[in-house]
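For ligands, and for the atoms within them, numbers begin at 1 and follow the listed sequence. What you see below is based on every heavy atom in this structure, not just the backbone, and it leaves out hydrogens, waters and symmetry mates. All values derive from a computational prediction rather than experimental measurement.
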Amino acid sequence: MATQSHEIDAYLSVYKRLKSLSTRRAVKVTINSSLGNALTRAFCPPWFYAPIRYEHGIMPEDWSWTIASVVMTAFQVGPTKADAGTICSPKTSVILENAKPSSFGRGSETVYDPAYRKGLEIPACDVNFPKNADFELLKDHLSILVSENLFGKRVGWQPEDKSGNKRVRLELYKLVVYEEGGHFDWHMDSTHGDDHHATALLFLGSEWEGGDLKLRHGGCEFSQNDEIRGQKQKDEEHVQNLSEDEKDIYMGELHDAGVHLIAFYTDVEHMVEPVTKGTRIVLQFDVRIGPSDSQTAVDTGEGGSQSLTDYNTDKDDGVNYDDPRYYNRGHVGNASSQHAPSAGVHCDPKILDDVAQMIKQKLSNKTKKNKVEHVAFPLRHLYRLNSIRPEYLKGIDAMLYEHLTNFESQETKNGFKVVLHPVVLFESTDYEGSWTKEYYTPHVWVFESDAMRKKLKRKREEGLVDSEGSNDSDDLDYKAELTEFHLIKGCSLEQIDSREYAEHTGNEAQPGENKYFGGAMFVSLKKEA
Ligand SMILES: O=C(O)CCC(=O)C(=O)O
Ligand SMILES: [Fe+2]
């Protein structure tokens, strides 16, 4: 039977406000292009796994307390502040006594449905760390790992900026518990702010079986249990090369506690398979980027095309290596910069360069018939509407942005101008609403960037444009007919329509604007000065 109302209609109605505020243009989409294929090859893993353990075999005596205090951090739960043990040795019964069944967001409601999610939780306000300094230290360690592995040198390299604000901040969201039979079906986490860009899960040292955390994004998958098995194998190989004395130390109690960290960008879908034995206990953190809440996010200025290097101007890496909080980076698990785990913000520069060269070629074509002023392609990650900004780009989106904004060659003396815009993929059907090859003519609707919307709002307040938006072609500085938009196969933008992300199921219901949104990069040649 033909689809009655086109899915995109439902999707668009969610963004009514956006529609009413924005000028939009339809740009024809090119599918299966060689640029689209080159973009598909440009990839960064959107997650990582790192064991957190006590490696006193490697560190000088006086360093041990730092790591030890991380895994031995004590905590309390519930209104009575009951002793819940430590990160490496939690008191399961106390935690269970204080935990309540978890609900989750389905569309505009927050519901309880054990068929979808069967788990228990303790909200952050009921998790207390009697030694706050230990908790801060723990968060510092974890945020360095998250910085290095998800945000690279770009944002997270400096744990703090000059005024002491952390660039990557971990905020405890809740403690999550799964008993035997507990599970959580596929979902994306709800976001709790425009600066909330990843989830970090710290798995405590309780015993459990099953309960595999599975992640998926852009056609790639991750399995927690596979990572743990892989790590065990690596450890065994490592231990074979140690002396007997070293072996005893290495295989010590804390090393085996199984504490580990998994972090992923907020638009990564994930699920927890049923726990078959024991109790699985996790501290879930929201990862926030940039200055703390009390300060407003950086204004990107005109066109939202501020470069990342502007944002992160300090050339000095800003780390005080004498500070005991930082000197043992690289001794937490295997996630040191020298032994980066499988994931990380890395992408073969040759692939990035291929993309830049192909774009350059398209933009340099001066013949009237094939003239192209803008080459555009979707962002690989989904963002909140207000987070489609250079300083918030994640993983491969950030790598491409940075590479393209810094790209220079003989022909493009002034380099590229790269601008971000929210976009909605718009696929046509026939009059009955069915999908046919003949009528399959995908377009994207392009909306103003955050900065452009602000500019428009100002203009509107000054009465320079009408409230319905503007037809003034200056507002969007590109011409649809001179723009090539290359779709990337399997990218989130394509899936957002088919998977009902507008009704996505997260930890709690998300009001309209906080939902996930697609974006695109528009690349043009910088105008001669
Ligand atoms: O416990 C986990 O591994 C993840 C839990 C989760 O996805 C959530 O609570 O949103
Ligand atoms: Fe989740």
Side-chain angles (χ1 to χ4, degrees), residues 46-52 87 90 92 95-96 99-106 110-127 142 146 150 170-193 196-217 221-228 258-287 381-382 499 501 503-510 514-516:
W47 47 61
F48 76 95
Y49 156 90
I52 309 291
I87 298 296
T92 305
I95 290 170
L96 287 172
K100 293 194 177 64
S102 303
S103 46
F104 59 93
R106 181 180 276 159
T110 299
V111 299
Y112 176 71
D113 175 0
Y116 202 90
R117 180 185 196 178
K118 185 165 180 274
L120 303 166
E121 64 185 48
I122 303 176
C125 60
D126 277 336
V127 180
L142 303 183
V146 174
L150 284 187
L170 257 58
E171 214 166 76
L172 183 63
Y173 176 51
K174 57 172 84 158
L175 180 145
V176 190
V177 196
Y178 293 102
E179 290 181 280
E180 204 175 300
H183 67 99
F184 193 174
D185 214 330
W186 288 106
H187 67 283
M188 273 196 272
D189 285 343
S190 316
T191 52
H192 304 125
H196 175 198
H197 291 280
T199 292
L201 301 171
L202 180 65
F203 292 81
L204 307 197
S206 64
E207 303 255 327
W208 85 87
E209 285 173 25
D212 193 10
L213 171 71
K214 293 218 155 47
L215 313 177
R216 67 179 182 205
H217 190 268
E221 292 190 5
F222 167 104
S223 148
Q224 173 184 28
N225 288 350
D226 285 354
E227 292 290 324
I228 294 172
V259 178
H260 59 279
L261 179 75
I262 293 175
F264 46 87
Y265 297 127
T266 42
D267 66 322
V268 167
E269 289 179 287
H270 54 285
M271 63 99 81
V272 183
E273 286 194 333
V275 169
T276 54
K277 202 174 163 188
T279 311
R280 185 180 179 280
I281 307 169
V282 183
L283 286 176
Q284 180 171 343
F285 295 88
D286 290 346
V287 178
H381 291 280
L382 298 173
R499 288 211 206 148
Y501 280 140
E503 288 294 296
H504 106 274
T505 312
N507 317 75
E508 72 271 331
Q510 290 268 270
N514 298 349
K515 297 191 182 203
Y516 292 96

Inset, instruction - Classify the side-chain pair H196/D189 by whether it contains a donor and acceptor separated by less than 3.5 Å. - result: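 The criterion, which ignores hydrogens and geometry beyond distance, is not satisfied for D189 and H196.
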Inset, instruction - May I ask whether H187 places a heavy atom under 4.0 Å from ligand 1? - result: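 Contact check H187 vs ligand 1: positive.
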Inset, instruction - Consider ligand 1: state whether an atom of it lies below 4.0 angstrom from any non-hydrogen atom of R117. - result: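 Checking ligand 1 against R117, which is what was asked, there is a heavy-atom contact under 4.0 Å.
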Inset, instruction - Compute the centroid of each ring, for Y265 and then for H197, and state whether the two points are separated by less than 6.0 Å. - result: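 No.
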Legend entry - Centroid-centroid under 6.0 Å between H183 and Y178 rings: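 They do not qualify: ring centres at least 6.0 Å apart.
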Sub-4.5 Å side-chain heavy-atom contact between [X] and [Y]:
| X | Y | value |
| --- | --- | --- |
| L215 | I262 | yes |
| F222 | H270 | no |
| I52 | F203 | no |

Which atoms of ligand 1 sit under 4.0 Å from any heavy atom of [X]?
| X | value |
| --- | --- |
| F203 | 3 (O) |
| D189 | 10 (O) |
| L213 | 3 (O) |

Under 4.0 Å from ligand 1, counting heavy atoms only, is it the side chain of [X], its backbone, both or neither?
| X | value |
| --- | --- |
| K174 | neither |
| T199 | neither |
| L201 | side chain |

Legend entry - Nitrogen or oxygen of Y178 less than 3.5 angstrom from that of ligand 1: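 N/O-N/O distance under 3.5 Å: no.
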Inset, instruction - Please assess H260 against Y49 for the test ring pair (Phe, Tyr, Trp, His ring centres under 6.0 Å), listing each intermediate value before the final yes or no. - result: CA-CA 7 Å; H260 59 279; Y49 156 90; 5.5 Å; yes
Legend entry - K100/E121 ion pair, N-O < 4.0 Å: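 No.
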Inset, instruction - Give the single entry among H270, R280, E269 that approaches atom 3 (O) of ligand 1 most closely by any heavy atom. - result: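 Ranked by closest heavy atom to atom 3 (O) of ligand 1, first place is R280.
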Inset, instruction - Measure from the Fe ion (ligand 2) to every N/O/S atom of D189 and report the name of the nearest one. - result: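 The Fe ion (ligand 2) is closest to the D189 atom OD1, counting only N, O or S.
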Inset, instruction - Would you mind naming the N, O or S atom of H270 nearest to the Fe ion (ligand 2)? - result: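 Relative to the Fe ion (ligand 2), the closest nitrogen, oxygen or sulfur of H270 carries the name NE2.
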